[in-house]
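All remarks here apply to the structure that follows.
These figures come from a predicted structure and were not determined experimentally. FYI, the numbering just counts along the sequence from 1.
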Amino acid sequence: MKLTTVLYGLIAAAGALAQSDEYPPLKSEGPYALHVKGRGNSSIDGYLYAVHEFPTDTDPDDGVSVLHYDPVSAPVAGNSSYRFYLNNTVDDDQTGYGFIVTDITAGNPTKLYRGKAMFWTYFADSNVALLELGAGADPYNVHFVGFGEDGKAYVFSQHDDSKAVVGDPGSETSVNLYDGWAICWQRRYTVSGFTLSWVTFGKPHNPTCELVDLTKLKLY
């Protein structure tokens, strides 16, 4: 199955797949800890952990979380908040793409996004997206993530409007985006903190943002 077909298939998952009730069996890699390292003179060097946006969200199948930064030299042992997976259920071609998820057993077993998938929340007044984790995430806001030969995470994209020409439908050009990861001071409902974010383009609108590289560390 070609990756383009996979991407279209994700958007249609609630339709075609639901009609046949033939969701692919869950495939995942992990668990991993997610490490962030600041670029240039940044002092950021630590690990991410999931934080519920509302303290009352104790049911693992419900609620949404953000990813906060912890400036520690190693993930906290035995704490599941630091534990993440790569759901690569639709990676038929072994491309290495998948969705970053936490709580891999959360959600309905027939959901394509088993676990709480990382999704992008965009704001009309900012070029900084907030990254959240939730079961049953919107397929339009979940993006494929991979890890390059150097171990650094990237987002797979097929949308580049910088080359748009009036009257020309253009083409789908695949690109791996490494440079948008950032740690920014963000508030989401009841929680505030240094949070994993994504800068869509240019200088971050949020002045607290520092660009980072995101890597994974295998946990045992």
Applying the 4.5 Å side-chain criterion to the ILVMFWY set and letting contacts propagate, would [X] and [Y] be lumped into a single cluster?
X      : Y      : answer
Val175 : Val155 : yes
Leu67  : Val72  : no
Leu48  : Leu211 : no
Val76  : Leu196 : no
Val199 : Ile44  : no

Check: Any side-chain donor paired with an acceptor under 3.5 Å for Ser65 and Glu132?
Finding: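 No pair is found: no donor N or O on one side chain lies under 3.5 Å from an acceptor on the other.
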Notebook entry, point to check: Side chains of Asp213 and His35: is there a donor and an acceptor less than 3.5 Å apart?
Noted result: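 Not at all, the side chains of Asp213 and His35 share no donor-acceptor pair under 3.5 Å.
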Between the main-chain N or O of [Y] and the side-chain N or O of [X], is there a donor-acceptor pair closer than 3.5 Å?
X      : Y      : result
Lys152 : Phe147 : no
Tyr49  : Arg83  : no
Ser197 : Thr195 : yes
Asn206 : Trp185 : yes
Thr200 : Asn127 : yes

Quick check for you: to the nearest 0.5 Å, what is the distance between [X] atom [atom1] and [Y] atom [atom2]?
X      : Y      : atom1 : atom2 : answer
Ile100 : Lys216 : CD1   : NZ    : 9.5 Å
Phe201 : Asp179 : CZ    : CG    : 11.0 Å
Asn41  : Glu210 : CG    : CD    : 10.0 Å
Asp70  : Tyr82  : CG    : OH    : 3.5 Å
Trp198 : Tyr122 : CH2   : OH    : 8.5 Å

Next item on the list: Apply side chain to side chain contact (heavy atoms under 4.5 Å, CB included) to the pair His143 and Phe156, showing each step before the final yes or no.
Entry: CA-CA 7 Å; His143 298 299; Phe156 174 84; over 6 Å; no
Non-hydrogen side-chain atoms of [X] and [Y] separated by less than 4.5 Å:
X      : Y      : answer
His68  : Phe194 : no
Val66  : Val191 : yes
Val101 : Lys116 : no
Lys37  : Ser42  : no
Val212 : Arg39  : no
Leu133 : Phe84  : yes
Ile183 : Tyr69  : yes
Leu214 : Val145 : no

Notebook entry, point to check: Out of Phe99, Phe119, Trp120, which one pairs with Phe144 under the ring pair (Phe, Tyr, Trp, His ring centres under 6.0 Å) rule?
Noted result: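 Output: one option passes, namely Phe99.
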Next item on the list: Starting from the C-alpha separation in whole Å, work towards a yes-or-no answer on side chain to side chain contact (heavy atoms under 4.5 Å, CB included) for Val128 and Cys184.
Entry: CA-CA 9 Å; Val128 180; Cys184 313; 4.1 Å; yes
Taking all atoms of both residues into account, what is the closest heavy-atom pair of [X] and [Y], and its distance?
X      : Y      : result
Pro31  : Lys218 : O-CD, 3.7 Å
Val64  : Gly134 : CG2-CA, 4.5 Å
Leu177 : Ser157 : CD1-CB, 3.8 Å

Notebook entry, point to check: How would you list, by chain and number, every residue that makes a side-chain contact (heavy atoms from CB on, under 4.5 Å) with Tyr189, sequence neighbours excluded?
Noted result: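 Testing Tyr189 for side-chain contact (heavy atoms from CB on, under 4.5 Å), a comparison that skips the adjacent residues, returns Glu53, Phe54.
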Notebook entry, point to check: Would Tyr154 and Tyr178 count as a ring pair (Phe, Tyr, Trp, His ring centres under 6.0 Å) if you check the C-alpha gap in whole Å, the side-chain angles of each, and the deciding distance to 0.1 Å?
Noted result: CA-CA 4 Å; Tyr154 58 84; Tyr178 287 87; 5.1 Å; yes
